[in-house]
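First the structure, in the form of structure tokens, and then the observations on it.
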2 protein chains.
Amino acid sequence: MVQKSKKPPVPRIDAPVQPKRRGRPRAYEPGVALGKALDLFRKDGFAATSLDGLSAATGMNRPSLYGAFGDKRELFIKSYRRYRDDARVAMGDIFRNELPIRKRLERIYAVALDIYLSGESGPRGCFTVMTAASEAVHDPDIRAMVLEGFAELDKAFATCFRLAQEKGELPVSADATVLAQLASATIHTIAIRARAQVPRKELEAIVNGAIDVMCGAAK
Amino acid sequence: MVQKSKKPPVPRIDAPVQPKRRGRPRAYEPGVALGKALDLFRKDGFAATSLDGLSAATGMNRPSLYGAFGDKRELFIKSYRRYRDDARVAMGDIFRNELPIRKRLERIYAVALDIYLSGESGPRGCFTVMTAASEAVHDPDIRAMVLEGFAELDKAFATCFRLAQEKGELPVSADATVLAQLASATIHTIAIRARAQVPRKELEAIVNGAIDVMCGAAK
DNA sequence: GCTTTTTTGTACCATTTCGCAAAGAATTCC
DNA sequence: GGAATTCTTTGCGAAATGGTACAAAAAAGC
């Protein structure tokens, strides 16, 4: 038999578009739905978010939600993981960038403020900080993720400062670890204050003051 | 008529013990009950705390709770006010103390860590920070209280640093406002991390690093 | 002793919550 | 076209939630 006109068994490893699934096609896009769920969790927190709300936000009815992501807790965890991935993407290149330390910090905090102040109904803050304050306390798995988030940020800042030292932008006498913790503390304080609707101007003032201190007060 | 042996109408302004109320006496002490409610709110947050739980914790049944403190939201607000009052008492004299700046900061953070790490079932963190992350977003009254809390702390630290400058412990070139915001940021970062069960040793390391920087890195 | 006042205790209600079972719809495979 | 598969839809149900009505109880006033 010669090749029939039927779609041949071209295996096409890592099918990018339609994996040709077997049954009824999904009425939603998992990625989009997860994003909507994340939005809601960020707005109201885990406890105050209902499955009805999630259902409405994602456009999926309850059983579909359950089938796609598991129960509420699993959906929360997947949402949080998504948040972290997004944040890594948004921050990653800035941290890796070769700008002078001061410029680099400015851009990092600018992006952070964009993330924290976004939101249709009130600023959404930092999801890691929010989760640390609530679910992380009683749920070990979530706690582990949050701690990892803190460590990741500390580490990123630390390598940032160490690089600056190597480039001679900072005195070698400075302790990069300490500076990194201060930088993280500044992230945390603006995240919390943003959530309480402190205006961006004030948050930027805090950031600028902190940068001055970290880069050696002298202007 | 001479004085009868009956308890005379000694008005006893500001009756300290028994105001001789009219009806059935309360079976609880309002102050104690409010403390128990606060404990529960700090542990689980507003949304995850049920009236049943509050009822059990305070020993008051639901209608009594309602009669004494109002609905859940009002009880939460009263609990938070109580927390702030307690914190002010615990911190007040240290802030007002005349110790050298470094010692003073050390003691402030030690007391803060005591507050944040206390709790039978997991560290309870800073209630202001927790509330900022959750209820403050959608409730203007609560938000106002939280913002006031932030401002109060910033201001206390600022006067602290200004005093140190006057005493010549810090260079006059330093910006007391900026230092105060850093000090607050350090409070916030240890509050959040404490809630995620970062061990006290690590938190103390963060504090010590921050103090070094604030007091002018040189040991 | 009787009334008045204040609090307690029981019971209840309407609503919301999370989760699931079961039947129907849309697609692929043969 | 029919079986198999996967998802959607409707609807249910058991539990928990915030809040309240109402009668009984415990004190003071007269």
Side-chain angles (χ1 to χ4, degrees), chain A residues 1 4-12 15 17-34 36-37 40-41 44-79 135 139, chain B residues 4 6-12 15 17-34 37 40-41 44-79 135 138-139:
Chain A
M1 274 159 264
K4 286 240 178 104
S5 70
K6 260 210 151 177
K7 270 194 210 108
V10 181
R12 188 109 36 132
V17 198
Q18 256 104 312
K20 234 28 172 184
R21 303 176 57 99
R22 195 87 156 40
R24 175 171 179 167
R26 291 202 196 108
Y28 57 90
E29 262 195 278
V32 179
L34 192 58
K36 299 290 188 186
L40 204 59
F41 277 131
D44 294 332
F46 177 82
T49 300
S50 71
L51 282 190
D52 278 331
L54 289 166
S55 187
T58 58
M60 302 164 65
N61 42 31
R62 215 99 46 80
S64 293
L65 255 182
Y66 198 84
F69 304 110
D71 67 6
K72 192 181 167 187
R73 177 176 169 275
E74 289 179 87
L75 176 51
F76 180 84
I77 291 178
K78 280 167 184 154
S79 299
E135 309 322 309
D139 190 313
Chain B
K4 287 236 176 110
K6 260 211 154 182
K7 269 195 211 105
V10 181
R12 190 110 36 132
V17 199
Q18 255 106 313
K20 232 30 169 181
R21 302 177 56 100
R22 194 86 156 44
R24 176 172 177 170
R26 292 204 196 105
Y28 58 89
E29 261 195 279
V32 179
L34 191 59
L40 205 58
F41 277 132
D44 294 332
F46 177 82
T49 300
S50 71
L51 282 190
D52 279 330
L54 289 165
S55 185
T58 57
M60 303 164 64
N61 42 32
R62 216 100 49 82
S64 295
L65 255 183
Y66 198 85
F69 303 111
D71 68 6
K72 192 183 168 186
R73 177 176 170 276
E74 290 178 86
L75 176 52
F76 180 84
I77 290 177
K78 281 168 183 151
S79 299
E135 309 322 310
H138 302 298
D139 190 313

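Naming: A, B, ... by sequence-line order, numbering from 1 per chain. Both backbone and side-chain heavy atoms feed into the values below; hydrogens, waters and symmetry mates do not.
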Query raised in the report: If the sugar-phosphate is the primed atoms plus P, OP1 and OP2 and the base is the rest, what is the B/S/- string for nucleotides 25-30 of chain D, using protein heavy atoms under 4.0 Å?
Result: BBBBS-
Report summary line: Closest non-hydrogen atoms of L40(B) and L54(B), given as atom of the first, atom of the second and distance, are CD2-N, 3.6 Å
Report summary line: note: R26(B), atom CZ; dT5(C), atom C1'; distance rounded to Å ~ 13 Å
**Report entry** Selection: residues 44-73 of chain B, any non-hydrogen atom under 4.0 Å of DNA chain D
**Finding:** T49(B), S50(B), L51(B), D52(B), R62(B), P63(B), Y66(B), D71(B), K72(B)
Requested in this report: Name all residues meeting the ring-ring contact (aromatic ring centres under 6.0 Å, His included) criterion together with F76(A); count only those two or more places apart in sequence or in a different chain, and write none if there are none.
Outcome: F41(A), F46(A), F127(A)
Report task. Name all residues meeting the side chain to side chain contact (heavy atoms under 4.5 Å, CB included) criterion together with A27(A); count only those two or more places apart in sequence or in a different chain, and write none if there are none. Result -> none
Query raised in the report: Taking only residues two or more places apart in sequence or in another chain, which ones pass side-chain hydrogen bond (donor to acceptor under 3.5 Å, both in side chains) with S64(A)?
Result: N61(A)
Report summary line: Residues passing the side chain to side chain contact (heavy atoms under 4.5 Å, CB included) test with P30(A), sequence neighbours excluded, are R26(A), Y28(A)
**Report entry** Distance in angstrom units between L75(A) CG and dC18(C) P, rounded
**Finding:** 11 Å
Query raised in the report: Which salt bridge (charged side-chain N to carboxylate O under 4.0 Å, His left out) pairs, counting each pair once, include a residue from residues 50-73 of chain B, with sequence neighbours left out?
Result: D52(B)-R62(B), R73(B)-D139(B), R73(B)-D141(B)
**Report entry** Residue E29(B) excluded, over 12 heavy atoms near CD under 6.0 Å
**Finding:** no
Report summary line: Per-residue pairing states of DNA chain C in dot-bracket (Watson-Crick or G-U under 3.5 Å; . unpaired, | other strand) read ||||||||||||||||||||||||||||||
Requested in this report: Give the minimum heavy-atom separation between T58(A) and A37(A), together with the two atoms involved.
Outcome: CG2-N, 4.1 Å
Query - Trace of the side-chain contact (heavy atoms from CB on, under 4.5 Å) decision for K78(A) with F69(A) - result: CA-CA 8 Å; K78(A) 280 167 184 154; F69(A) 304 110; 4.2 Å; yes
Requested in this report: Report yes or no: does S55(B) contribute a side-chain atom to a donor-acceptor pair with the main-chain N or O of M60(B) at less than 3.5 Å?
Outcome: yes
